[in-house]
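Below is one structure; the comments refer to it alone.
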Amino acid sequence: AATSGKSITSADDSSESSGARYPQDLRSVLVTSVLNLEQLDIDLYRGTHHWVPSTQRLFGGQIIGQALVAAAKSVSDDLYAHSLHCYFVRAGDPKVPVLYQVDRTRDGRSFTVRSVKAIQHGQPILICQASFQLLQPSPLQHQFPMPVVPQPEDLPTVEEIIQRYLRYDLTESAKQGLNKLLATEVPIEVKPVSPAQFYRHVSGQPRRLFWARARGHIGEGNMKLHCCVAAYVSDFALLGTVLLPYPKYKARFTASLDHAMWFHSTFRSDEWMLYECDSPWAGSSRGLAQGRLWRRDGVLAASCSQEGVLRVKPVPENSKL
Ligand SMILES: CC(C)(COP(=O)(O)OP(=O)(O)OC[C@H]1O[C@@H](n2cnc3c(N)ncnc32)[C@H](O)[C@@H]1OP(=O)(O)O)[C@@H](O)C(=O)NCCC(=O)NCCSC(=O)CCCCC(=O)O
């Protein structure tokens with residue numbers, strides 16, 4: 001079943017397919033560049049960087065998404081990604097590309113496993129195992145119900161929310177921070193269900209919900225690619241859920257330590273999906289966050305879990321943001 005270096009980052013180019021929002025010249029940058037790896041040799045790929053968070057380390061979602069692209073290139077078209085398990089062992093350096101080395105761990109009748117090492121400066125920054133499966137019928141089928149929330153059309157984008165905040169009486173440095181956020185091109189669109197909770201302006205349960213989708217058109221037909229994009233999206237704002245009950249503290253150092261993801265159903269990552277994030281536990285400078293990605297028709301598309309290191313400091317009194 002193994003193949004060599006197939007292109008999995010080819011979106012459906014056949015103009016606007018079934019209700020797509022974008023013509024082909026507005027293909028998602030996630031497909032055209034973020035997840036588009038250069039093949040250097042058999043099972044060896046190179047990826048470059050796009051959005052780098054303010055932490056100045058590589059965005060974990062990008063490394064996971066690219067690792068899954070590399071793994072998927074060596075499995076046949078009839079197999080679907082069903083899970084991945086990763087450890088972030090070193091911070092990624094945004095100044096150099098990342099190499100992805102794929103090991104074809106096992107090809108079975110139903111399941112196929114790949115191990116991927118992401119390397120910079122000769123050392124691993126991520127180790128990832130991904131598993132793929134032939135679709136199989138099953139009498140066992142259940143899922144939790146999707147939370148009831150406002151539809152994305154009735155909610156503002158993060159950009160609109162930031163514009164609103166900029167009209168408040170803020171310190172110069174808070175304004176600068178918000179303007180920097182506005183100027184940053186993140187390849188996904190986000191609509192928080194509760195902006196005050198999303199931005200930690202109210203103390204609350206360690207739980208938040210937002211709608212997310214890839215910017216631009218991807219199209220149907222390439223489920224592996226949608227899983228790679230969902231892996232990218234799944235690392236966005238997930239770990240921050242741990243901080244929601246603690247408005248009196250701000251992050252001094254946060255980084256995800258590991259990330260696991262399970263894909264349950266077919267979905268389109270360029271259509272709105274509800275991301276439900278919660279954190280059941282924090283302690284010992286670590287926090288556990290869990291996420292569920294829902295299709296808007298209520299089908300559970302994917303679940304993920306992540307543990308991160310979180311070192312915090314008190315927010316100064318009288319802080320305006
Ligand atoms: C840093 C990792 C997690 C390993 O930590 P450690 O084993 O402690 O490594 P060191 O290199 O020894 O220390 C790193 C740093 O931490 C300081 N440190 C260590 N221990 C302590 C302590 N007990 N108390 C205080 N400080 C401590 C140490 O001094 C170092 O500080 P520095 O000298 O100032 O650097 C390592 O495994 C790692 O980095 N892994 C990679 C993590 C990663 O990159 N994850 C993916 C990116 S995170 C992400 O994507 C989330 C983005 C979210 C964006 C969004 O929400 O939208």
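These figures come from a predicted structure and were not determined experimentally. Atoms within each ligand, like the ligands themselves, are counted from 1 in listed order.
Centroid-to-centroid, the aromatic rings of Phe111 and His82 come within less than 6.0 Å. Aromatic pair Tyr275/Phe236: ring centres not closer than 6.0 Å.
Looking only at heavy atoms of the protein, atom 49 (C) of ligand 1 is closest to Ser256 OG, 3.4 Å. The nearest heavy-atom contact from the protein to atom 56 (O) of ligand 1 is Ala237 N, 3.1 Å. Protein heavy atom nearest atom 50 (O) of ligand 1, with residue, atom name and distance: Gly60 N, 2.7 Å. In this structure, the protein non-hydrogen atom closest to atom 40 (N) of ligand 1 is Phe88 O, 3.3 Å.
His49 and Gln62 form a side-chain donor-acceptor contact under 3.5 Å, judged by distance and modelled atom types alone. Gln136 and Ser110 are linked by a side-chain donor-acceptor pair at a separation below 3.5 angstrom, with hydrogens and angles left out of the test. Judged purely by distance below 3.5 Å, without hydrogens or angles, the side chains of Ser279 and Thr241 never pair a donor atom with an acceptor atom. At a cut-off of 3.5 Å, with distance as the only test, a side-chain donor of Arg296 or Gln151 sits close to an acceptor on the other residue.
Residue contact check: Ala255 has heavy atoms under 4.0 Å from atoms 42 (C), 48 (S) of ligand 1. Counting the atoms of ligand 1 from 1 in the order shown, those under 4.0 Å from a heavy atom of Phe236 are 57 (O). Atoms of ligand 1 found under 4.0 Å from any heavy atom of Leu257, numbered from 1 in the order shown, are 3 (C). Of all the atoms in ligand 1, the ones that sit under 4.0 Å from a non-hydrogen atom of Phe59 are 50 (O).
The protein does not reach atom 2 (C) of ligand 1 closely, with no heavy atom under 4.0 angstrom from it. For atom 6 (P) of ligand 1, no protein heavy-atom neighbour is found at a distance under 4.0 Å. Contact annotation for atom 14 (C) of ligand 1: protein absent (non-hydrogen atoms, distance under 4.0 Å). Protein heavy atoms are absent from the space less than 4.0 angstrom from atom 30 (C) of ligand 1. When distances from atom 24 (N) of ligand 1 to the protein are checked, a heavy atom turns up under 4.0 Å. For atom 9 (O) of ligand 1, no protein heavy-atom neighbour is found at a distance under 4.0 Å. Remark: atom 33 (O) of ligand 1 lies closer than 4.0 Å to no protein heavy atom.
Of the N or O atoms in Leu238, none lie within a sub-3.5 Å distance of an N or O in ligand 1. For ligand 1, the polar-atom distance check against Asp235 finds a nitrogen or oxygen pair separated by under 3.5 Å.
Counting heavy atoms of neighbouring residues, nucleotides and ligands inside a 6.0 Å radius, atom CD of Gln205 does not exceed 12 of them.
Trp211 and Val190 fall into different hydrophobic clusters, defined by Ile, Leu, Val, Met, Phe, Trp and Tyr side-chain heavy atoms under 4.5 Å apart, directly or through other members.
Considering all non-hydrogen atoms of both residues, Pro124 and Arg90 come closest at O-NH1, 2.8 Å.
Phe267 and Phe263 have parallel rings, their planes meeting at less than 30° on a 0 to 90° scale where 60° marks the start of perpendicular.
Heavy-atom separations between Leu58 and ligand 1 include at least one value shorter than 4.0 Å. For Val89, the heavy-atom gap to ligand 1 drops under 4.0 angstrom.
Here CZ of Arg213 is found 12.0 Å from CE of Met273. Values are rounded to the nearest 0.5 Å.
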Query raised in the report: side-chain hydrogen bond (donor to acceptor under 3.5 Å, both in side chains) between Ser265 and Arg295: does it pass, once the steps are laid out?
Result: CA-CA 9 Å; Ser265 307; Arg295 281 185 356 201; 5.2 Å; no

Requested in this report: Please assess Ile188 against Trp51 for the test side chain to side chain contact (heavy atoms under 4.5 Å, CB included), listing each intermediate value before the final yes or no.
Outcome: CA-CA 10 Å; Ile188 51 181; Trp51 174 54; over 6 Å; no

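Heavy atoms of Thr55 found under 4.0 angstrom from ligand 1: none, in either backbone or side chain.
Taking only non-hydrogen atoms, the option from Arg311, Arg252, Arg57 nearest to atom 44 (O) of ligand 1 is Arg57.
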